[in-house]
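Please read the structure below before turning to the comments.
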Amino acid sequence: MKKIIALVLASVMILSLVACGGKDNKKEEGKAKDVLAVCLASEPDTIDPALNSAVDGATMLAHLFQGLAKWTQDDKGNLVVVADAAEELVEGVENADGTVTYTYKLRDGLKWSDGKAVTAKDYEFAWKRAASTALGADYGYMFEVVDGYADDALNVTATDDKTLVVTLSNAVSYWNELLAFPTYFPVREDVVKDEGWATEAETYVCNGPYKIASWKHNSVITLEKNADYVDADSVTMKTLKFYLSDDANNMLTNFKNGDWLLIDDVPTNEIATLKKDYADEFVVAGQIGTYYVSWNINEEVLPEGSTLTGAEKLAAESEIRNAISLIFDRNYIVEKIAQGGQVPASSFVAMGMTNPDGSEFYKKNPISDDYFGYYNVASEAIEANYNSAIDTLKKYYTYDEASKKFTNIPSMTYLYNTNEAHQAIGEYLQSAMAGIGITVELQNQEWNTFLNTRKEGNYNIARNGWVADYKDPICFLDMWVTVSGNNDVQYGKGAHAAIKAYDLDLTKLGYDVKVEDGTWAETYDVLISKIKSCTDAEKRYEMMHIAEDMLMSTGCITPLYFYTDLYMIDDSVEGFFSNPLGYKYFMNCTIK
Amino acid sequence: MNTKTLFYILKRLLLAIVTVWVVITVTFFVTRAVPGGPFMSEKALTAEAQAALEAKYGLDKPVGEQYVTYLKDIVTEFDFGPSLKQRGRTVTEVIMDGMGVSIKLGLIAAFSALAIGIVLGSIAALRRNKFIDKVIMVITTAFVSMPSFIMGSLLLVIFAIKLAILPANGEADGGLFLPVVTLALYPMAYITRLTRSSMLDVLGQDYIRTAKAKGVSGLKIIFGHALKNSLIPVITYFGPMLAYIVTGSLVVEKIFAVPGIGRAFVNSITGRDYPLIMGTTIVLAVLIVIMNLVSDILYKVVDPRITLE
């Protein structure tokens with residue numbers, strides 16, 4: 001017996017001698033410098049460029065494929081979109097009917113990873129496939145700007161092996177960015193004929209800086225440098241390992257012990273500690289997205305017995321919703337709850353979207369000289385906001401001066417998808433609203449059910465969020481047209497469809513559009529279609545600001561904060577960059 | 001094996017098939033009744049694209065018809081269909097990947113739990129109320145009452161971060177060690193306690209006293225008479241436990257990033273990947289039914305007094 005105890009004690013002592021300290025200890029052992037192990041998320045649903053709609057998938061695709069254009073860093077470290085497979089990013093030629101034609105020449109020496117030559121035909125095929133209704137890709141609408149998209153007959157042709165001609169319905173400022181977008185990457189017809197081509201390393205044929213060396217499902221995808229890649233000399237990292245995990249705690253453990261050098265998620269409750277303990281390795285990057293609360297426009301907010309109807313009712317409700325939006329302390333939400341360096345939001349179109357002159361879109365100020373956006377979100381303004389909200393609400397509800405609460409605001413339900421962070425924000429909103437006498441019930445639903453409920457409009461108030469797919473404010477605005485699948489507010493649907501309360505006057509911009517007291521479909525939907533066909537950048541942006549003003553005036557969108565992208569990167573990694581959409585680039589990395 | 005036993009096994013097999021069929025039917029209709037759908041995402045598909053996908057996978061047909069087609073496909077062709085979320089992969093491929101890992105993990109964990117548990121339990125019983133018995137009991141009580149996510153996290157902190165001698169992700173070399181230990185500790189502790197109490201019970205039986213009186217040696221009493229009989233409760237426990245370990249290692253899979261079937265199962269449900277939900281449910285149901293049958297048959301082998309009917 002004593003022997004056993006002695007043995008156990010001895011082995012424990014030996015263990016503790018052998019092992020001391022995690023990460024630094026591992027570094028000293030001299031890890032391989034040509035293998036970069038990272039973890040972005042769990043196994044991607046797909047890494048077929050046409051089908052992918054996830055950020056982690058897009059990052060992998062950016063390493064596996066070569067589009068006509070790509071994101072890169074210039075000498076000063078600024079992010080730019082440059083020609084990749086195309087010889088140059090040409091200017092478009094405007095046709096008589098307002099459409100714009102681009103003619104691209106492919107570079108010499110482009111090869112697929114199986115050795116065959118890449119031709120313009122491959123791009124034509126890939127684009128038509130990705131845009132087709134039959135494929136049903138999440139991002140099929142990325143080709144909306146291309147002529148013929150609506151008729152499922154994309155106007156793109158390979159006139160020979162090296163020349164690709166594409167015609168857009170009208171000039172768009174973000175066209176070059178689209179060319180660098182994964183949905184625009186080429187695939188080869190004979191490869192994708194096999195529906196399972198993008199699920200195994202053996203059948204995966206690509207044309208980018210890397211190819212897939214092995215793929216253990218739900219575990220790790222290993223990328224090896226592609227020697228046939230036309231710019232292979234510029235690729236410094238030989239092997240990339242994308243570990244597949246969706247557990248933030250597990251990611252952090254692997255980061256801490258030095259196995260993974262970049263992790264794209266961190267546990268929310270660890271953020272404060274990590275910021276302190278890993279000051280150089282904890283990164284808060286900008287992301288173009290807005291976390292907001294959406295209100296179902298057809299839900300009652302007026303007190304029982306209110307006699308208002310139609311446009312008057314709508315005006316009152318808009319004023320009420322906007323007033324309630326003022327009582328939230330957005331600084332408290334980002335500093336105490338979200339904690340990830342998010343920025344308090346005062347507009348729906350997110351920070352990072354810019355006007356043609358490069359200034360922030362949200363800083364064009366429609367209301368006041370003192371602040372940007374639609375609310376003053378500075379902490380000093382909290383009290384003034386609160387008082388103004390109370391004054392507005394007094395017009396419609398009974399206020400009890402003794403308790404400083406309203407007594408007849410209908411109770412509401414706040415819906416969110418099951419998640420600690422969303423719950424914490426919901427609880428804050430609940431307490432803030434309880435402070436002025438509004439009873440809010442919190443209701444959580446599992447993700448898929450939640451999406452369904454929100455989309456169907458079976459809710460009162462709901463947590464919502466939107467992240468840009470490309471850098472143009474229109475992707476925050478066209479989602480609110482009546483027929484959009486993302487119109488969670490239910491604009492122009494149900495009872496709201498018949499309410500004539502909106503004005504739209506575009507005559508000053510040279511359009512024959514002047515509507516007074518129109519429905520949502522007669523105004524907002526028209527405005528968006530004008531924006532989409534407008535080729536004059538100034539006018540286009542002017543109209544996009546009008547669209548956002550219209551949205552915000554309804555009070556149905558209560559922005560809380562602008563998203564950030566949090567990740568951790570080991571300080572031994574150099575040459576890493578990411579783009580505003582959150583895609584991460586490792587090809588130029590080295591490990592010290 | 002007599003005809004009675006054979007008949008019993010046949011009866012049980014038939015019952016198993018009925019059970020699995022009920023599971024299939026209930027799961028099929030429940031998953032379709034749950035709100036949401038496989039093509040639901042934060043950024044909504046256009047109505048045309050959604051319709052095209054539904055037509056492609058036959059989801060546009062009436063649910064009854066889908067059910068009949070599904071049953072026909074699995075019975076006649078053993079075809080579980082394509083995954084709706086992991087486009088391009090079949091359900092069979094996804095399940096094979098996950099089951100491979102989970103079964104390996106589960107078997108190692110189950111058999112080490114069994115081996116260690118029986119030995120420790122016997123030692124504790126034979127040294128009843130001695131120091132070693134108390135140590136074993138304290139430790140096993142701790143393991144039985146500690147949930148696996150705490151045990152897993154604890155092991156992770158000690159061995160993967162502080163000592164940094166074992167990897168934290170299941171894929172690395174030696175990566176299965178910690179998940180196996182985490183999975184095995186609870187059943188090991190449970191088996192230890194089962195063996196101990198059952199062995200104590202057996203040691204007090206008349207036939208042991210008879211054997212002792214007749215002068216049979218201590219070792220022979222233990223291995224020849226006591227152990228075999230004291231394993232009956234362990235066997236009852238072992239079958240379902242094995243099924244549970246293989247199917248229920250979700251928490252452990254998550255903590256250690258092990259690519260097992262549990263994770264695939266949960267993801268299939270959140271993603272409404274109907275064919276994958278069906279496939280994993282069927283596989284797990286079959287596994288549990290078989291394990292129960294096997295442990296019932298083992299009873300008979302260990303204890304001839306038990307009649308199967």
Side-chain angles (χ1 to χ4, degrees), chain A residues 1 15-16 18-23 25-26 42-43 45-46 48 51 53 133-141 194-199 216-220 243-247 249-251 253-254 256-260 446-453 455 465-467 469 483-486, chain B residues 34-54 56 82-83 85-90 93-94 97-98 101 130-132 153 156-157 159-172 253-260 263-264 267 269-272:
Chain A
M1 187 60 225
L15 274 183
S16 44
V18 170
C20 41
K23 196 169 157 179
N25 191 39
K26 276 221 169 160
S42 57
E43 169 126 342
D45 280 343
T46 172
D48 181 327
L51 294 174
S53 61
T133 305
L135 190 74
D138 286 5
Y139 272 167
Y141 65 78
D194 164 16
E195 260 202 78
W197 77 278
T199 62
K216 284 193 184 170
H217 285 287
N218 292 303
S219 177
V220 58
Y243 281 92
L244 308 169
S245 166
D246 55 1
D247 188 278
N249 288 298
N250 181 268
M251 288 190 198
T253 309
N254 279 288
K256 280 185 175 171
N257 78 4
D259 281 342
W260 297 348
E446 169 268 347
W447 178 240
N448 207 302
T449 311
F450 170 75
L451 288 179
N452 197 52
T453 313
K455 188 177 168 179
W466 193 257
V467 178
D469 298 320
V483 297
S484 159
N486 293 306
Chain B
V34 172
F39 309 120
M40 192 61 98
S41 69
E42 177 104 60
K43 310 217 159 168
L45 281 179
T46 60
E48 297 83 30
Q50 171 115 9
L53 284 176
E54 281 174 1
K56 178 180 164 131
S83 162
K85 278 293 185 186
Q86 303 178 37
R87 283 181 67 175
R89 301 190 76 203
T90 63
E93 280 169 8
V94 176
D97 271 344
V101 178
K130 299 269 170 52
F131 177 70
I132 183 86
S153 310
L156 207 58
V157 169
F159 293 100
I161 300 182
K162 293 285 178 234
L163 302 178
I165 46 173
L166 287 168
N169 60 308
E171 196 41 52
E253 283 175 20
K254 206 166 158 53
I255 295 177
F256 295 100
V258 177
R263 212 160 65 164
N267 290 342
I269 296 170
T270 49
R272 305 285 188 277

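So that the names make sense, note that chain A is the first sequence line, chain B the second, and so on, each numbered from 1. On a predicted model such as this, the values are computed, not experimentally measured, just so you know.
A:K455 places no side-chain N or O within donor-acceptor distance of the main-chain N or O of B:G36, the cut-off being under 3.5 Å. Between the A:N250 side chain and the B:I255 main chain, a donor and an acceptor come within less than 3.5 Å of each other.
Contact of the B:V101 side chain with the A:H217 side chain is not registered, since no non-hydrogen atoms from C-beta on lie closer than 4.5 Å.
Interface residue A:D469: backbone and side-chain heavy atoms are both found under 4.5 Å from chain B. Only the side chain of A:W466 comes within less than 4.5 Å of a heavy atom of chain B; its backbone N, CA, C and O stay farther away. When heavy atoms are compared at a cutoff of 4.5 Å, A:A198 does not approach chain B at all. Proximity to chain B is absent for every atom of A:N249, based on heavy atoms less than 4.5 angstrom apart. For B:L53, the part sitting under 4.5 Å from any heavy atom of chain A is the side chain, from C-beta outward, and nothing else. Only the backbone of A:L244 comes within contact range of chain B, with heavy atoms under 4.5 Å apart.
Side-chain N/O atoms of A:N448 and A:N452 include no donor and acceptor closer than 3.5 Å.
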(request) Give the intermediate values and the outcome of salt bridge (Lys or Arg N to Asp or Glu O under 4.0 Å) for residues B:K85 and A:E43. (result) CA-CA 11 Å; B:K85 278 293 185 186; A:E43 169 126 342; over 6 Å; no
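Heavy-atom pairs under 4.5 Å with chain A peak, among B:R263, B:E93, B:R89, at B:R89. Note on B:G271, B:A49, B:A168, B:A52: by heavy-atom pairs under 4.5 Å with chain A, the leading option is B:A168. Contact tally against chain A (heavy-atom pairs below 4.5 Å) for B:L45, B:V34, B:I269, B:V94: the top residue is B:L45. Contact tally against chain A (heavy-atom pairs below 4.5 Å) for B:K56, B:R87, B:Q50: the top residue is B:R87. In terms of heavy-atom pairs under 4.5 angstrom with chain A, the leader among B:P38, B:A47, B:A257, B:P82 is B:A257.
Every residue was checked against the ring pair (Phe, Tyr, Trp, His ring centres under 6.0 Å) condition with A:F450, not counting sequence neighbours, and none meets it.
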